[in-house]
Amino acid sequence: MNETWAAAGYDPEKLKEEYDRTEHGRVRISCIRSAIEAADAHEDTSYRIYFRLELCRESTFYGDGMDMMVIFPEVLAIIDRYPDTPSTVYEWSYADSMDHILWVYKWVLEECENFYQIPMEDCLKFYEDFKRRSLAYGYNLRPYYYYKYFFYEDIGREISEEAFHKFEELPRDDNCDCEACERNAIVNFYLKKGDMERAKQLAEEIENFSLTCGHGNRGAWLRLKKHYMEYYMGQKEFEKAETYCRVMERYMTEDKEYQRWDDFLHCYAYVNMGKALKIYKTHWKEWQEERQPLEIFNTNKNIACFFSKLKEERVRGTIKLSLDASFPLYQESGQYSLEDLCQYYYHRAKEVAERFDKRNGTSCYCDRLKEALARD
């Protein structure tokens, strides 16, 4: 450690130890921000970048991605000014800071889909910048096509499929996602194509744990269960989907990706309404506070479907709920109209859907919402 920094009381390793001891999510993000401020004040370029990338990681896996989308451009500005910045002692698997940045950049590409606030022009600039930097560093474009496939999956099917096949054709290099993560994406592609046999064949190594993910031994396996759950829900085979919901609940981790409570809510509305109602009562507050637009859309769509189904099953058109005064439709009596609740969540989803469709130049989100409510 630099002796001048030590004399000034600045110790980046200690700062990391301190935030690593805090709970994941908003608390840790706040602590990482303090570490960033300290590194900035001491012009410690390696840690200015590293701490920002740490915030990106926390925001991606334990938050809603918004903090990452705000701070990542700062990372690019720093590395462009100091292109030869070395990595820190914590980045032993990366050759230098740029290598680490290119890894995290993939999360940014993934999040472009999730925020209508990012204009299409800026999304495409991120993709082209990642492409340029990857080639300049010596990596191939397999990750570029991988994330391009996801970005265009709903808004440009031909572009999406072309990107997927280019991704499949290119060899893996050191900036590719883990093999298990990529395999899951390929399995999901063939599931959506209705090629169950091909999907099953590709999933076998994940099912038997011979191919695992860096997110713990069950990470890839849980993601596979999520894909099958979504597939069977899309096919309206809710009893089959329920088996995957229960597996995911049993082996759930702190990673937000696997905490699909709104999907569970939707599924259980068809097979176990009591369980669905319990999930709503437990999670309504956190759903109300959700910040990521795509999550707001999906969650509110699923809740609207839940209340639509509940309304069909109940003779009475009301329900008693213990919601607090922060809820926009709060009733001191605790009695709520099922129709009002359904319409409230529907319009929350619709507002976001319209903004995504305007950004993307399509009608796919509004169409998806309409189909879900018509189906339910």
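The figures that follow rest on heavy atoms only: side chains count, while hydrogens, waters and symmetry mates do not.
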Got a sec: does the CD of Glu197 have more than 12 other heavy atoms crowding it under 6.0 Å? no
At their closest point, which heavy atom of Leu323 faces which heavy atom of Tyr330, and how far apart are they? O-CE1, 3.1 Å
Assess, by modelled atom type and distance only, whether the side chains of Glu91 and Thr88 contain a donor and an acceptor separated by less than 3.5 Å. yes
Separation between CG of Asn300 and OH of Tyr345, rounded to the nearest 0.5 Å: 7.0 Å
Could you give the distance from CE (Met233) to CD (Glu230), rounded to the nearest 0.5 Å? 8.5 Å
Output for pair (Ser59 OG, Leu53 CG), nearest 0.5 Å, gives 12.5 Å
Quick one: closest heavy-atom pair of Pro328 and Tyr344, and the distance? CG-OH, 3.3 Å
Hey, is the main chain of Ala38 close enough, under 3.5 Å, to the side chain of His42 for a donor-acceptor pair? yes
When Lys166 is tested against each of Tyr149, Tyr146, Tyr145 for side chain to side chain contact (heavy atoms under 4.5 Å, CB included), which residue passes? Tyr145
Across all chains, not counting sequence neighbours, the side-chain hydrogen bond (donor to acceptor under 3.5 Å, both in side chains) partners of Tyr50 are Lys16, Glu54
Does the Glu58 side chain pair with the main chain of Gly25, one donor and one acceptor, at a distance under 3.5 Å? yes
Determine the interplanar angle of the Phe264 and Trp261 rings, folded into 0 to 90°, and report it as parallel if under 30°, tilted if 30 to 60°, perpendicular if over 60°. perpendicular
State plainly whether one hydrophobic cluster holds both Ile303 and Leu329, where clusters connect Ile, Leu, Val, Met, Phe, Trp and Tyr through side-chain heavy atoms under 4.5 angstrom apart. yes
Atom CZ of Phe51 and atom SG of Cys56: how far apart are they, to the nearest 0.5 Å? 13.5 Å
Tightest non-hydrogen contact, residues Tyr82 and Thr45, listed as CD1-CG2, 3.8 Å
Sorted by chain and residue number, the side-chain hydrogen bond (donor to acceptor under 3.5 Å, both in side chains) partners of Asn184 (sequence neighbours excluded) come out as none
Arg48 side chain to Asp40 main-chain N or O, any donor-acceptor pair under 3.5 Å? no
Residue set satisfying salt bridge (charged side-chain N to carboxylate O under 4.0 Å, His left out) with Glu18, at least two apart, ordered chain then number -> none
Partners meeting side-chain hydrogen bond (donor to acceptor under 3.5 Å, both in side chains) with Gln259 (sequence neighbours left out): none
Before you tell me yes or no, could you show the steps for Tyr47 and Tyr90 under side chain to side chain contact (heavy atoms under 4.5 Å, CB included), namely the whole-Å CA-CA distance, both residues' side-chain angles and the distance that decides it to 0.1 Å? CA-CA 10 Å; Tyr47 277 99; Tyr90 300 106; 3.5 Å; yes
Which value, rounded to the nearest 0.5 Å, describes the distance between Glu182 atom CD and Asp177 atom CG? 6.0 Å
Between side-chain atoms of residues 128-137 and protein atoms elsewhere (two or more places apart, or another chain), which donor-acceptor pairs fall under 3.5 Å?
from: Glu128; atom 1: OE2; to: Tyr144; atom 2: OH; distance (Å): 2.9
from: Asp129; atom 1: OD1; to: Arg132; atom 2: NH2; distance (Å): 2.6
from: Asp129; atom 1: OD1; to: Arg133; atom 2: NE; distance (Å): 3.2
from: Asp129; atom 1: OD2; to: Tyr105; atom 2: OH; distance (Å): 2.6
from: Asp129; atom 1: OD2; to: Arg133; atom 2: NE; distance (Å): 2.7
from: Arg133; atom 1: NH1; to: Asp80; atom 2: OD1; distance (Å): 3.0
from: Arg133; atom 1: NH2; to: Asp80; atom 2: OD1; distance (Å): 3.2
from: Arg133; atom 1: NH2; to: Asp80; atom 2: OD2; distance (Å): 3.0
from: Ser134; atom 1: OG; to: Phe130; atom 2: O; distance (Å): 2.8
from: Tyr137; atom 1: OH; to: Asp96; atom 2: OD1; distance (Å): 2.9
from: Tyr137; atom 1: OH; to: Asp96; atom 2: OD2; distance (Å): 3.4

Ignoring hydrogens and angles, tell me if any N or O in the side chain of Lys350 forms a donor-acceptor pair with the backbone of Lys370 under 3.5 Å. no
Would you kindly say whether Gln343 and His347 are connected by a side-chain donor-acceptor distance under 3.5 Å? yes
Within one Ile-Leu-Val-Met-Phe-Trp-Tyr cluster: Leu124 and Val108, side-chain cutoff 4.5 Å: yes
Report the residue from Phe327, Phe306, Tyr346 that forms a side chain to side chain contact (heavy atoms under 4.5 Å, CB included) with Leu341. Phe327
Closest non-hydrogen contact found for Ser46 with Pro86 is OG-O, 2.8 Å
Arg260 and Glu249: salt bridge (charged side-chain N to carboxylate O under 4.0 Å, His left out), yes or no, with the steps? CA-CA 9 Å; Arg260 304 310 310 164; Glu249 281 189 81; over 6 Å; no
Can you say whether the rings of Tyr280 and Phe307 are parallel (under 30°), tilted (30 to 60°) or perpendicular (over 60°)? perpendicular
Shared ILVMFWY cluster between Leu294 and Val70, side chains joined below 4.5 angstrom? no
Between Phe356 and Arg359, is there a cation-pi geometry (under 6.0 Å to ring centre, at most 45° from the normal)? no
Whether over 12 other heavy atoms sit under 6.0 Å from Glu121 CD: no
Is it the case that the side chain of Tyr127 and the backbone of Leu109 share a donor-acceptor pair, with hydrogens and angles ignored and the cut-off at 3.5 Å? yes
Any side-chain heavy-atom pair of Arg52 and Ile78 under 4.5 Å: yes
Start with the C-alpha gap between Arg355 and Asp357, add the side-chain angles, then the distance that decides, and say whether salt bridge (charged side-chain N to carboxylate O under 4.0 Å, His left out) holds. CA-CA 5 Å; Arg355 294 185 180 188; Asp357 285 344; over 6 Å; no
Verify, without hydrogens or angle tests, whether Asn302 (side chain) and His266 (backbone) share a donor-acceptor contact under 3.5 angstrom. no
Kindly say whether Asn175 contributes a backbone atom to a donor-acceptor pair with the side chain of Lys106 at under 3.5 angstrom? yes
How about Lys200: does its NZ atom have over 12 heavy atoms from other parts shown lying under 6.0 Å from it? no
Asp67 side-chain N/O to Leu55 backbone N/O, donor-acceptor pair under 3.5 Å: no
Does some side-chain heavy atom of Met66 sit less than 4.5 Å from a side-chain heavy atom of Asn114? no
Shortest non-hydrogen contact from Cys245 to Tyr268? CB-OH, 3.7 Å
Taking all heavy atoms of Cys112 and all of Ile118, pick out the closest pair and write down the distance. CA-CD1, 4.3 Å
Is the Trp107 to Phe72 ring centre distance short of 6.0 Å? no
Would you say Leu15 and Val27 are hydrophobically clustered, going by side-chain heavy atoms of ILVMFWY under 4.5 Å? no
How many angstroms lie between atom OG1 of Thr85 and atom CD1 of Ile101, to the nearest 0.5 angstrom? 7.5 Å
Which residues pass the salt bridge (charged side-chain N to carboxylate O under 4.0 Å, His left out) test with Lys358, sequence neighbours left out? none
Given the rule in the salt bridge (charged side-chain N to carboxylate O under 4.0 Å, His left out) test, do Lys285 and Asp324 qualify, once you have shown the distances and angles that lead to the verdict? CA-CA 9 Å; Lys285 183 85 167 180; Asp324 64 38; 2.9 Å; yes
Please confirm whether Lys281 makes a cation-pi placement over Trp284, using NZ or CZ under 6.0 Å from the six-membered ring centre and within 45° of the ring normal. no
Between Met196 and Tyr231, is there a side-chain heavy-atom distance shorter than 4.5 Å? yes
